Amino acid sequence: QVQLVESGGGLVQAGGSLRLSCAASGGSFSSYAMVWFRQPPGKERGFVASINRSGGLTTYLDSVKGRFTISRDNAKNMVYLQMNSLKPEDTAVYYCAAGGRPSVRAHDYNYWGQGTQVTVSS
């Protein structure tokens with residue numbers, strides 16, 4: 001059983017940056033692929049970025065490529081999402097999740113955090 005806790009969300013102006021963190025405990029962190037999803041107000045949860053177990057393979061939603069960077073530190077049981085050049089349409093609750101392999105599908109991930117709110121003002 002893996003427990004995930006996100007942090008780092010907040011209110012930022014368009015063009016600004018935020019770094020989200022996700023702390024994992026209770027399991028073998030390095031054996032999990034990790035992902036960030038987001039859920040905008042009134043919309044379904046959607047894929048943002050994923051990273052494989054070693055950190056050598058990353059995948060991004062097209063609209064965040066070049067602006068967001070997912071990374072992980074297996075020694076610290078942490079995964080991060082660096083978000084630059086933020087836009088109002090990035091406003092959402094951001095969730096990290098852990099699963100057996102990288103995937104863009106939410107149901108492929110077994111463990112989820114509680115989410116952290118990111119609000120980008122125009």
Side-chain angles (χ1 to χ4, degrees):
Q1 188 87 10
V2 177
Q3 291 81 44
L4 302 172
V5 178
E6 302 96 335
S7 62
L11 173 64
V12 63
Q13 289 188 332
S17 298
L18 282 175
R19 188 195 196 203
L20 304 184
S21 299
C22 175
S25 62
S28 180
F29 178 73
S30 61
S31 68
Y32 293 100
M34 299 298 297
V35 69
W36 288 94
F37 277 74
R38 66 186 180 186
Q39 187 166 15
K43 298 184 179 180
E44 293 186 351
R45 193 173 300 189
F47 172 83
V48 177
S50 66
I51 189 166
N52 69 342
R53 299 172 186 181
S54 67
L57 178 65
T58 57
T59 303
Y60 294 94
L61 178 70
D62 282 349
S63 63
V64 307
K65 284 181 181 177
R67 300 189 298 123
F68 290 12
T69 303
I70 187 172
S71 62
R72 66 189 296 163
D73 185 335
N74 286 344
K76 296 182 178 179
N77 291 355
M78 297 289 295
V79 64
Y80 305 100
L81 186 68
Q82 178 66 45
M83 306 186 295
N84 299 328
S85 302
L86 282 161
K87 304 176 181 180
E89 51 264 42
D90 295 318
T91 294
V93 178
Y94 283 71
Y95 299 88
C96 70
R101 59 181 178 86
S103 170
V104 300
R105 301 180 302 180
H107 70 254
D108 285 334
Y109 294 90
N110 307 98
Y111 306 104
W112 291 80
Q114 82 291 344
T116 186
Q117 176 70 48
V118 172
T119 303
V120 185
S121 63
S122 57

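All of these numbers come straight from a predicted model, not from anything done at the bench.
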- request: Go through the structure and list residues passing side-chain contact (heavy atoms from CB on, under 4.5 Å) with Ser30, not counting sequence neighbours.
  value: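 Per chain and number, Ser30 pairs via side-chain contact (heavy atoms from CB on, under 4.5 Å) with Ser28, Asn74.
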
Nearest non-hydrogen partners of [X] and [Y], listed with the distance:
X	Y	answer
Ala24	Val2	CB-CG1, 4.3 Å
Ala14	Pro88	CB-CD, 4.1 Å
Ser103	Ser50	O-CB, 4.4 Å
Ala97	Tyr109	CB-CB, 3.8 Å
Phe47	Tyr60	CE2-C, 3.8 Å
Val35	Ala49	CG2-O, 3.0 Å

message: So, applying side chain to side chain contact (heavy atoms under 4.5 Å, CB included) with Thr116, which one of Leu20, Leu81, Val93 is it?
response: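 Option passing the side chain to side chain contact (heavy atoms under 4.5 Å, CB included) with Thr116: Leu20.
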
Could you tell me the separation between the [atom1] atom of [X] and the [atom2] atom of [Y], rounded to the nearest 0.5 Å?
X	Y	atom1	atom2	result
Leu86	Gln13	CG	CD	11.5 Å
Glu6	Trp112	CD	CH2	9.5 Å
Glu89	Ser122	CD	OG	10.0 Å
Lys76	Phe29	NZ	CZ	12.0 Å
Cys96	Ile51	SG	CD1	12.5 Å
Gln82	Ser21	CD	OG	9.5 Å

Would you say [X]'s side chain and [Y]'s backbone share a donor-acceptor pair under 3.5 angstrom?
X	Y	value
Thr91	Val120	yes
Arg72	Asn52	yes
Gln114	Val5	no

field: ILVMFWY cluster, Tyr80 and Tyr32 together (side-chain gap under 4.5 Å)
entry: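 Looking at the clustering, Tyr32 is in a separate group from Tyr80.
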
message: Check for me, please, whether Val48 and Met78 land in the same ILVMFWY cluster - side-chain distances under 4.5 Å, paths through other members count.
response: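 Unlinked, Val48 and Met78 end up in two clusters.
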
message: Quick test of your reading of the model: are Lys87 and Asp90 salt-bridged, counting only N-O distances below 4.0 Å?
response: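 No.
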
message: Ring-plane angle category for Tyr94 and Phe68, please: parallel below 30°, perpendicular beyond 60°, tilted otherwise.
response: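 Ring orientation, 0 to 90° scale: tilted.
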
- request: Could you walk me through whether Arg38 and Val118 pass the side chain to side chain contact (heavy atoms under 4.5 Å, CB included) test, one step at a time?
  value: CA-CA 9 Å; Arg38 66 186 180 186; Val118 172; over 6 Å; no

- request: Under the side chain to side chain contact (heavy atoms under 4.5 Å, CB included) rule, what do Trp36 and Val79 come out as? Steps first, then yes or no, please.
  value: CA-CA 9 Å; Trp36 288 94; Val79 64; 4.0 Å; yes

